[in-house]
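Have a look at the structure below before the remarks.
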Amino acid sequence: MEDEVYLFHQFLYPMNLFINKIINLLESEISLPPDKIGALLEQPPDNKMGDYALPCFSIAKQLRKNPQDIAAELSQKLVPNDTIVQITATGPYLNFHVAKPLLFRTVLEEIASTGASYGNSLIGKDKTIIIDYSSPNIAKHLAVHHLRSAVIGNAIYNLFKALGYRCIGINHLGDWGTQFGQLIVALKRWGSNFAITSKRNSFEEDSTKQETLTVNKLNELYVTFHKEAKTDKNLEEEAREWFKKLEDGDNEAKETWQHFKEISMLEFDRVYKRLGITFDSYAGESFYNEMLDDTVKRIKDSGLTEISEDALVVNLEKFNMPPCILRKRDEASLYATRDICAAEYRKREYHFDKMVYVVGSEQRLHFRQFFKVLEQMGYEWVDTCAHADFGLVKFKQGKMSTREGKVILLEDLLEESYKIAREIIEEKNPDLENREEVAENVGIGAIIFSELCTKRVKDVLFDWDVILNFDGETGPYVQYTHARMCSILRKYGESVTTSVDYNLLKEDDEIVLIKQLEGFPFAISRAADNYEPSILSNHLLDLCSTFNRYYQHHRILTDDNELRKARILLIDAIRQVIQNGLSILGLKSPERM
RNA sequence: GCGCCCGUAGCUCAGAAGGAUAGAGCGACGGUUUCCUAAACCGUAGGCCAGAGGUUCGAAUCCUCUCGGGCGCACCA
């Protein structure tokens, strides 16, 4: 038990040359294996106290001695060396001071030589991860509540890419289900003026007499359906019949559905492109139609199913969950059926080592049920599947609902943010050359970053003023900091070199900065492990904040030649790290703004 | 009713598998621009970490209960 805890810890503070030296020193004095010593080490809250600390409480317990005394004794016994230059006892803590020039050199040379790949690792070499994200329903607009899954999923994709994983991003389109029956009914009743043709042969049609169907119009039809369905009870039944026809391969149903899908994808791609989000597969729910029977048969054969209220279900009572429904009364499938089927398919097709679903937390129960069914089917790999859930987007008026037609469209939000960025540039930097491009990068960046800077689980209240704020802890702040550094480097003009006097870097803020740079790879791996991009965005914010303070109080382009060279190297490293981080989060790093 | 999640400054949130004094941003108030981009920086104010017990050398962090909020609970996804 204890051992496991220690092992876990080890991961927290990755080994580096300084920790190794500290362990070497301690080994002879403490009767603990090296990895356990390493696990005990932590970082003091204030840099002035030291760089690494050994809390002596647990040792005190073993030796039945006072932790203060142990720290004091050890500080006497241990002999500093070229790497660990000072060892002091502060109360029950033994604090180690690292040779700062060596620290600067190690980190700055590493960043200079690895560049855009600083922070990457090979942990995921030869491993595959599937990330299921965005996954909107077709025939509906992308609205602001669709943003989270797409943006968080994209960041998780990039995080694992940085760890060396082979990543498969899947947009599991909601292109199947009863709502298409509803839409077909709606279209037949109230939309006879629309042309239903596949895009590819639409030019053959007499389009002058018929209106073109758009997602907008589909949305209106959907709203109408639900409004009418409240009074006309036949509608729901009719919709169910049409969906059944669709599942049975009825031509008319299928062609109509295909058309819905095409016009939807046209819109989605426009938004994804603007957000810089891509997928490796668009295999949505309909993709699994033909495989559904096999999946259901397998579940049946494992003896897991029963008929309850005329539906085919897996009873999960003993797991304290409601049953997982596989087939409705009318034999039609449900999303759980399709999710199980998709998981099996993905395992067969991609042999993934991990699979993560970036889906809202309102579906928690669904994932618990569906994972439980996989487990009951004997798939041990269910343990490698995770639901990276996220909180709801709420509005002052309450939850947003497509059914009632109350939505804020994603495209409108992006456009608004672009416009604001554009205005700010006009005001602050009117001579900027590629204004449109920068405004796009900053405007979109503001929106992406705002989704990524708090932990997933938090519900977010949508507020135009908050999401379109460009001051403080925001994407534009990070981008601005980056642009500032680019500006310094431009002004410097010469090429950056690692042949500098590292002894000259000794300001407090420089030390804080170098540690933040050193911690960047760790921030990436923690963010990936927890499927939590906010760990990375917060790391970047901290780094920017330290830099801006430093920038305010110290001149980088000083008259002192050697100092200037050293500081420029530091600045270039920060710039690189911010760029790497922003790129993982899905933001551009403009050089001027 | 049952289950899951959340509760840290006026607001929005950080808080490294329990550690040294609780940190930002926004908002408020007051400062900084002949000086590398003021989308910045500095200062002031603001806290019983929802509450109560427990675990231990030590708790915002782990356990139990209470209160408050969100979400979910059979043929939608």
Side-chain angles (χ1 to χ4, degrees), chain A residues 5 8-9 11-13 42-46 49 53 55 57-58 60-61 66-67 90-93 95 135 137 174 176-179 182 240 285 308-313 320-330 332-336 338-339 359-366 368 389 391-392 394 399 403 421 424-425 427-429 442 446 453-455 457-461 463 465-466 469-474 476-481 483-492 519 522-523 526 534-535 538 541-542 544-545 548-558 571 592-593:
Chain A
V5 173
F8 226 44
H9 253 89
F11 197 47
L12 258 179
Y13 295 100
E42 53 187 50
Q43 296 195 6
D46 185 343
M49 296 175 176
F57 304 104
S58 59
K61 210 170 184 179
N66 185 331
T90 316
Y93 291 90
N95 289 326
S135 309
N137 290 330
W176 208 248
T178 328
Q179 78 266 30
Q182 296 171 348
R240 252 193 297 278
E285 298 191 70
S308 170
E309 298 174 29
D310 294 330
L312 181 72
V313 307
N320 202 20
M321 284 188 272
C324 181
I325 304 173
L326 300 175
R327 284 207 191 280
K328 301 196 275 192
R329 251 196 285 287
D330 62 2
S333 67
L334 278 102
Y335 71 133
R338 300 191 282 266
D339 270 345
V359 178
S361 52
E362 69 274 18
Q363 292 195 36
R364 270 185 102 105
L365 178 60
H366 166 249
R368 282 180 52 220
D389 62 323
L392 247 54
K394 292 186 296 187
K399 192 181 169 181
R403 294 191 178 188
I424 295 175
I425 290 170
E427 176 200 328
K428 306 201 186 235
N429 200 353
V442 173
C453 67
T454 65
K455 290 197 297 192
V457 288
K458 299 274 181 185
D459 285 349
V460 293
L461 185 74
D463 184 337
D465 294 338
V466 172
N469 175 32
F470 289 20
D471 299 328
E473 297 173 332
T474 64
Y477 172 75
V478 179
Q479 289 171 318
Y480 174 73
T481 308
R484 260 186 158 175
M485 286 184 284
C486 290
S487 174
I488 297 170
L489 290 161
R490 268 197 308 274
K491 198 151 267 185
Y492 177 65
F522 183 43
R526 273 180 60 221
S534 71
I535 292 175
N538 279 305
L541 284 171
D542 287 345
C544 288
S545 159
N548 281 315
R549 187 176 61 215
Y550 173 61
Y551 174 87
Q552 197 72 29
H553 300 291
H554 301 279
R555 198 159 171 87
I556 286 108
L557 299 175
T558 63
I571 277 17
R592 298 173 208 253
M593 61 186 271

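Chain letters run A, B, ... following the sequence lines, proteins first, then strands; residues in each count from 1.
Nucleic acid contact for A:Ile556: base, since at least one base atom lies under 4.0 Å from a heavy atom of the residue. Across all strands shown, A:Pro55 has no heavy atoms under 4.0 Å from either base or sugar-phosphate atoms. Residue-level contact check: A:Thr454 touches the backbone only, with heavy atoms under 4.0 Å from sugar-phosphate atoms and none from bases. Note on A:Val313: a base of the nucleic acid sits closer than 4.0 angstrom, heavy atoms only. Using a 4.0 Å heavy-atom criterion, one finds that A:Arg368 contacts the sugar-phosphate atoms exclusively. If you check every strand for non-hydrogen atoms under 4.0 Å, A:Arg555 touches a base.
With B:rC41, B:rC36, B:rC6 as the choices, the nucleotide that has an atom nearest any side-chain atom of A:Leu557 turns out to be B:rC36. For A:Lys394, taking side-chain heavy atoms from C-beta onward, the closest of the listed nucleotides B:rA16, B:rG70, B:rA39 is B:rG70. Comparing B:rA39, B:rA77, B:rC4 by their closest approach to the side chain of A:Arg364 singles out B:rC4. For A:Asp471, counting side-chain heavy atoms from C-beta on, the closest listed nucleotide (B:rA40, B:rC76, B:rA16) is B:rA40. When each of B:rA77, B:rA20, B:rA14 is scored by its nearest atom to the side-chain atoms of A:Pro44, the top-ranked nucleotide is B:rA20. When each of B:rA77, B:rA74, B:rU37 is scored by its nearest atom to the side-chain atoms of A:Ser308, the top-ranked nucleotide is B:rA74.
Using modelled atom types, one side-chain atom of A:Thr481 and one backbone atom of A:Tyr477 make a donor-acceptor pair closer than 3.5 Å. Within the 3.5 Å criterion, the main-chain N or O of A:Met593 finds a donor-acceptor partner in the side chain of A:Asn429.
With C1' as the reference atom, B:rC11 and B:rG3 are 31 Å apart, rounded to whole Å. B:rA50 and B:rG43: their P atoms are spaced 28 Å apart (whole Å).
Within 3.5 Å, a donor on the side chain of A:Tyr335 pairs with an acceptor on the base of B:rA77, or the reverse. The base of B:rA39 lies outside donor-acceptor range of the side chain of A:Asn548, with no N or O pair under 3.5 Å.
Glycosidic conformation of B:rA38 is anti; the angle lies outside 90° of 0.
Counting to the nearest Å, the P atom of B:rA39 and the CG atom of A:Asp465 are 19 Å from each other.
Side-chain N/O atoms of A:Thr178 and A:Arg240 include no donor and acceptor closer than 3.5 Å.
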